[in-house]
Amino acid sequence: MKTEQKNDDAHTASLRPVDDTSIGSFRSVLKNRSFLCLWLAQLLSQIVFNAANYGVIATVTAVTHSTVMVGFAIVSFTLPAVPFSLLAGVYVDYLNKRLVLWVSNALRAATSALIVLALLWNPHTVVPLFFLAFATSLITQFFAPAEASAIPLLVGKHELVPALSLFNITLTLAQALGFLVVGGLITALFPPLYLALGMLRLQVQSFDLLFALVAVIYVICTWLILAIPAQALQQKQHAEPAVLRSLGRQMWQIVRHDVGETWAYIGQDRRLMLALLRVSFIGILLLVIGELAGPFVVNVLHLPIQDLPIILAPAGLGLVLGGLLMPALTRRLGKDRTIALGGLCTAAGLILLPLGRFLWSRLALPATGLLVLVGAITCLLGIALDMVNIPAQTMMQEEAPEEERGRVFSFQSMLYNAGSIPVLLFAGVIADTLGIETVMYLLAAAVLGFRWWAARYARA
């Protein structure tokens, strides 16, 4: 019996990260099989998540040609985070991370398949798309904090920095791959086709194929999570069945209590508070840019929606380059200076986009040159956004304690999504009434205003 117990202890110890004083690296964390499975699941799920977002935005733009309707589409997958992200963070801190991760991916595969069926049934309405995007986002509220909380369980403290850096780099890489390689190429390369099923003839659009691929990739992510041994994601805090029943009966009381504790902790740490606000602000800004991208291509540049990757490709390249450059840049400038410089460059890029298009049209220069100019500006804009987002996310990870990490991430998600809803709707109304380029000038002013407030708050 003692020998069996020792063997079990040795097996369990082999699944846990070794905490020594050596310096971790990308190679060392990728040798960790459990972390590798989680990282691959994150990479693939983020790619198809962004591809699905591209599909939603492109479909609504193609059907309605309205910036306000694109705003409603984005609201449909941001609204669930407002009431449910905090509750999800509470449950995630009690539930088994592995269970939450694989069930979330399986359910998102199901909702993606339902989107395909809805578009095949009636391709001229976007109402079912809004409801299914809402359901997918609701599921994601449980996936995101579980994934973030699982990273420290799989790596040692000496490997936490390279692990988080790898996740941040792949997050920006997934944004580019999702919008461009998966979303853009599929919609650009696959023309509509007719599918005959007996007496039934269906017109299959390229967006239908995109959502079908998204469903398949989510299934693969489910199997990757199941490949992680259950012992690898054991945690200090366990939930007995009675505790889970109590959570169901008294969820709002628990939410208020835990949120109060989280808010009290965040309020005592100005660096954590500022990092949280910066991540939320950049997230809202990215949503608004995503809202404007399709109508900008169709209504301002007068190109078909399938040409959206022509504008987004340089932005994705900038996000990838920014992710690769951030470790060296933050070491040289420091996180705070990198964030400040990134804010100024972001505002400059938002001003140059409409200003450059206006000057180009006044000079009656070739349209091809305008696309090159817009691409160069969006590439620099992607790098500038990374200069704010990645250091702020790193600071938030470093400041959040392990036992509160799920709640902190959920609180940030709630704040970001709650703030995005009125901003998206307001920006959509202004874009449809005063023009998309007017919204870009207002966004630049908002970035500069937030940069000025953050500097005063940090010095207080």
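By convention here, the first residue in the shown sequence is residue 1. Source: prediction; values computed, not measured.
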Please examine the side chains of Phe426 and Val423, heavy atoms only from C-beta on, and report whether any two atoms are closer than 4.5 Å. no
So, for Gly55 and Leu210, which heavy atoms are closest and what is the spacing to 0.1 Å? CA-CD2, 3.7 Å
Option passing side chain to side chain contact (heavy atoms under 4.5 Å, CB included) with Val68 (candidates Thr433, Ile430, Asp432): Asp432
Is the number of heavy atoms from other residues, nucleotides or ligands under 6.0 Å of Trp223 CH2 greater than 12? no
Okay, side chain of Ser137, backbone of Phe134: is any donor-acceptor separation there less than 3.5 Å? no
Evaluate side-chain contact (heavy atoms from CB on, under 4.5 Å) for Thr61 paired with Val297, printing each intermediate quantity in order. CA-CA 10 Å; Thr61 303; Val297 170; over 6 Å; no
Does Arg357 use its side chain to pair, donor to acceptor, with the backbone of Leu370 at less than 3.5 Å? no
Pairwise ring-ring contact (aromatic ring centres under 6.0 Å, His included) hits with a residue in residues 278-336, at least two apart: Phe281-Phe450
Got more than 12 heavy atoms from elsewhere within 6.0 Å of CZ, Phe131? no
Thr136: side chain to side chain contact (heavy atoms under 4.5 Å, CB included) partners, not counting sequence neighbours: Arg108, Thr111, Thr140
Within a reach of under 6.0 Å around CZ of Arg270, are more than 12 heavy atoms found that belong to other residues, nucleotides or ligands? yes
Walk me through whether Leu292 and Leu443 qualify under side-chain contact (heavy atoms from CB on, under 4.5 Å). CA-CA 11 Å; Leu292 300 176; Leu443 288 177; 4.2 Å; yes
